[in-house]
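Comments concern the structure below.
Below, chains carry the letters A, B, ... as their sequence lines are ordered, and counting in each starts from 1.
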Number of protein chains: 2
Amino acid sequence: MAQLERTHLAIVRAVDQHGSLTAAAEQLHLTQSALSHAIRKLEDQLGVAIWTREGRRLRPTQAGAYLLAVANRLLPQLTQAEERLRQFAQGERGALRIGIECHPCHQWLLKVVSPYLAAWPDVDVDVRQEFQFGGIGALFAHEIDLLVTPDPLYAHGLRFEPVFDYEQVLVVGAGHRLRGLPYVQPEHLTEETLITYPVALDRLDIYTHFLLPAGIRPKRHKPIETTDILLQMVASGRGVAALPRWLVDEQAGTLDLGAVRLGAQGIAKQIFVGIREREADIDYLHAFVALARDHGGGMGASVNG
Amino acid sequence: MAQLERTHLAIVRAVDQHGSLTAAAEQLHLTQSALSHAIRKLEDQLGVAIWTREGRRLRPTQAGAYLLAVANRLLPQLTQAEERLRQFAQGERGALRIGIECHPCHQWLLKVVSPYLAAWPDVDVDVRQEFQFGGIGALFAHEIDLLVTPDPLYAHGLRFEPVFDYEQVLVVGAGHRLRGLPYVQPEHLTEETLITYPVALDRLDIYTHFLLPAGIRPKRHKPIETTDILLQMVASGRGVAALPRWLVDEQAGTLDLGAVRLGAQGIAKQIFVGIREREADIDYLHAFVALARDHGGGMGASVNG
DNA sequence: ATCTTGCATGAATATCATGCATGGTTGGAT
DNA sequence: ATCCAACCATGCATGATATTCATGCAAGAT
C-alpha cells in the first residue's frame, strides 16, 4: 500500500532546487537523514528508484523526473488551497449569495453592492430573486446567505436587522392634479391608472396598506417590469405609482416627478437584512450588514421627520 | 504551520461520498474517531470550519465545499502518479531514447522498433542521430538510453552486445560488368562512380577496409542522403555502392540489383547495442536488447557461411 | 595523502496519528 | 412521551512512524 505523500513531493522538489539532500533538508527544516529515510521508504514501497546515487551526486531516474514534474504541478495547488482556506477562515473570501424579495430592495441593493465589491474583492457576490420556498426558506436551506426583505421573520437561528427606513409615496408626473397636495386619500385614485411591478396584489403596499382597507380600486392597473420605464411612464402622465421617496428624489434632475404622501400618516417602510445567526461573525457577512446599515442611515427618511 | 495533507483530502471526499464520518471511516479503514481528530486538527490549524455540525449531520461550509473540490481534483492525480511510478518500477513504462550512429543501423532499427512498439505500448521510443560527443558520450551523459553502433567501446559502466551480423557488399545494377564476379578487387573500382551516404570517409567501411589500404580511389564519389534513392541510382547504372547484403536481398523483388563480395574475404560487420550497465535489468530495456538479438539472428549472414 | 562534502544506515527517540471508551445530541420509532 | 439508534466530539492511552543522532563509506577537492 504505497502512499505518495506531500512530504515526498516536497523533498523531490527541494532536492531538485538545491541540488543535494543536505541543502534540501535545510530548507525543509529537517535533517538530511530524515529525507534519506523518507525517500528510501517510498522507493521501497513503490519498488522504484527516484534517484541513482552516482558518487555523492543524485541523478533523477526517469521515475524521479516524472515525480518531480508531479511535485511541481501539485505542490503549488496545495499551498494555494491552504491560502484560500485561510482566507475563508478570516472571512476574506467567500461567496455571498444575496436574496431579495421586493423591487425597492433591488433598487437599494444596487447602491450598496458597488462599494462592497470594492472593499471585498475576494468575495463573490451573487444576487438571486426566485425562491421555491420564499426568502426565509432559501436562507434556511442555505440557498442564500443573506436576505434583503421588508418582511422579517424572527425565526430561530435567523437574525434580522433593519438597515433602511423609507417612505412609500405616490409618484405623479408633471402638472398632475394631485401634485402639491399635502397627502392623498384612497378616493383620489379612483380615476387614476396605477402602475406597479408585476407581482401579486398582496405584495404591494399601496394595496395592502392603503387601497384595500378603504375598499377602493384604481380605474386601471398596469404592470411594468422595470423601474426606468415605470418612471418614464409616470413622468409622461400615463399613470401614477407607489415607490420609495428616495427613488423619486434621485430622479429629480432627470425627470419631472412629484411625490405625494399616501394618507395622512404616510406609509412607512423598512428594509431588513437577515442572516443565519451562526454566521453572524463571518467578516464579509458582517461587513455587508454594517455597510448596508450605514448606507441606509444616510438615505432613510422618517415619515414623521 | 498548517499542512494540508493527503489524508485530509481523502477524508473530505469520503465524507462527501458516504454522507457521514462513520461511513467514511469504514471506507478508509479507520475509525470515526480518527477522522474526527484529523479534521479537527486541520480546522484548528487553518482556523476554518470544514463542516458545520447540524444535529447529527455534517454540512460543508463554503471552505469545506472548496476543499472538496480540491480533493476531487488532486486525489486522482496523486493515485495516477503512484500508478505511473509503479509502472516505471516494473519497467512497463519509460522513455527509451535510442541513438544510432550509422546508416545501416538505421535501416535495421526500423525493423526492430515496430514489433517493440507493439509489445511495449507504454514506452516512449525516441530515435536520435546527432550527438555532440559521439554516441558513447551521449550514453554516458544520459542523452540516450541505448546506442546502436558498429563500433562498441567497452568502457566502464557500459555494456555492449552484438545483435546483428552482416556482410558489407558491393551493390551493382542490372548488367553491370562486375556483376556475377565471385568478388571484386579495389582496382575494379577505379573507373566506377561510388555512391555513399554523406558522411566522413573514415566512417565508410568501403574506404577504411577496402579502398584506402590499397591506395585506390574511385573515379567519382557521389553522396546521397536516402537509401531509397541510392538504390534507385545503383539499379539504373549510375554508380555502385557498399551496403549490407540483407538490404540488397530485401530489394530483390523490386529492383534488379546484384551483390558482389568486397575482396576475397569480404567485409564482415557487426551491429552492437550498448546500454548503461546499471540499467541492464530494466524490463523495457532488456526486452529491446532481447528482441534485437532475436531479430538480428534471423537475418545475419556469416561471411564465411 | 588528507580533508571535505554528501548520502546511507541502524538504533534511539520523539512525535503524532489512531483507537478506545465515553458522553452528548438528535431524529425517528414505538 | 419515551426510548432507541445513529452520529459526532473528546480525553486519554498507546502504538506506529517520522525524525534525529551517531557513524560509516565513497568520491571529489586541495
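The residue from B:D126, B:D124, B:D145 that alone fulfils the salt bridge (charged side-chain N to carboxylate O under 4.0 Å, His left out) condition with B:R97 is B:D145. Checking each of A:L68, A:V15, A:V12 against A:I50 for a side chain to side chain contact (heavy atoms under 4.5 Å, CB included) leaves exactly one that passes, namely A:V12.
Side-chain atoms of A:T149 come within 3.5 Å of backbone N or O of A:D151 as a donor-acceptor pair. Judged by distance alone, with hydrogens and angles left aside, the side-chain atoms of A:H37 form no donor-acceptor pair with the main-chain N or O of A:A34 at under 3.5 Å.
Whole-Å rounding puts the A:I11 CD1 to C:dC7 P distance at 12 Å. In this structure, CH2 of A:W51 is placed 18 Å from C1' of D:dA26, rounded to the nearest angstrom.
A:R276 has no carboxylate O lying under 4.0 Å from a charged side-chain N of B:E54, or vice versa, which leaves the two without a salt bridge.
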- Item | Contact pattern, 5' to 3', of nucleotides 4-20 of chain D - B, S or - by protein heavy atom under 4.0 Å | -BBSBBBB------SBB
